[in-house]
Amino acid sequence: MSDLIPIKFNKIMQSQSYTMFILGNEIKRFAIYTSPKIGQKIQTTLYKQGRTRPYTHDLMNTIFLGFNVKLLQVVICDEKDSIYFTRLFLEQTRDGKRQILEIDARPSDSLTLAFENDVSIFCKKDIFERIPPIED
């Protein structure tokens with residue numbers, strides 16, 4: 001899809017009030033915010049720290065493995081009032097037929113799954129162009 005802009009994870013910043021994902025490319029960097037609790041869980045995942053219990057992302061990855069589902073990519077597909085919307089693109093082969101599944105998911109879940117599975121993150125071009133950049 002030519003209307004997708006590849007972006008990369010730059011860093012995650014944590015405060016008592018929020019967690020900020022910094023994403024972007026050489027043209028622009030932008031922020032996606034989530035709760036501090038979710039941010040702590042994501043940092044645990046990013047830095048491969050031990051957990052006493054599995055997180056939702058662990059469950060999803062186990063389900064993917066059990067049903068022979070592969071995460072292909074994550075796409076930031078919309079933004080409304082600083083709220084972002086993402087889609088997971090999954091692949092499953094059953095009975096010799098390849099199926100592509102597109103699933104709506106929260107950005108925090110989508111980005112964490114992308115990090116864990118080392119898959120590409122994209123942003124729709126029109127969304128990327130209207131997202132305000134963050135200052136360095």
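Note that the numbering runs from 1 along the sequence shown for the chain. Below, all heavy atoms of this structure are taken into account, side chains as well, without hydrogens, waters or symmetry copies.
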Do L90 and F67 have side-chain heavy atoms sitting under 4.5 Å apart? no

Just how far is it from atom CD1 of I5 to atom CD1 of I131, taken to the nearest 0.5 Å? 10.5 Å

Non-hydrogen side-chain atoms of K70 and V119 separated by less than 4.5 Å: no

Decide yes or no for F89 and F122: does some side-chain heavy atom of the first lie under 4.5 Å from some side-chain heavy atom of the second? no

Given side-chain contact (heavy atoms from CB on, under 4.5 Å), test K125 with L4 step by step and report yes or no. CA-CA 5 Å; K125 184 177 180 180; L4 296 179; over 6 Å; no

Atom CG of D118 with >12 non-hydrogen neighbours under 6.0 angstrom: no

Smallest heavy-atom separation, A114 atom then I121 atom, equals CB-CG1, 3.8 Å

Do V69 and E91 come close enough that some side-chain heavy atom pair is under 4.5 Å? no

Between the side chains of Q92 and N68, does any donor sit under 3.5 Å from an acceptor? no

Can you confirm whether more than 12 heavy atoms, excluding those of R98, are under 6.0 Å from its CZ atom? no

Enumerate donor-acceptor pairs with a distance under 3.5 Å from any side-chain N or O in residues 13-26 to protein atoms, sequence neighbours excluded.
unit_1 : atom_1 : unit_2 : atom_2 : d
Q14    : OE1    : T19    : OG1    : 3.0
Q14    : NE2    : T19    : OG1    : 3.1
Q14    : NE2    : P36    : O      : 2.9
S15    : OG     : S17    : N      : 3.1
S15    : OG     : Y18    : N      : 3.2
S15    : OG     : Y18    : O      : 3.2
T19    : OG1    : S35    : O      : 3.2
N25    : OD1    : I27    : N      : 2.8
N25    : OD1    : K28    : N      : 3.1

Any side-chain heavy atom of C123 sitting closer than 4.5 Å to one from I7? yes

Should R106 and D109 count as side-chain neighbours, where that means a heavy-atom distance under 4.5 Å? yes

Distance (rounded to the nearest 0.5 Å) between E116 CD and F64 CZ: 10.0 Å

Is it possible for you to say whether L59 and L113 belong to one hydrophobic cluster, with membership spreading through side-chain heavy-atom contacts below 4.5 Å? yes

Tightest non-hydrogen contact, residues C77 and R87, listed as SG-CG, 3.4 Å

Give, for atom CG of D58 and atom CD1 of I63, the distance between the pair rounded to the nearest 0.5 Å. 11.0 Å

Is any side-chain heavy atom of K124 less than 4.5 Å from a side-chain heavy atom of I76? no

Within-4.5 Å side-chain heavy-atom neighbours: L71 and L88: yes

For I83, which fellow cluster members are found when Ile, Leu, Val, Met, Phe, Trp and Tyr are connected by side-chain heavy-atom distances below 4.5 angstrom, either directly or through intermediates? F85

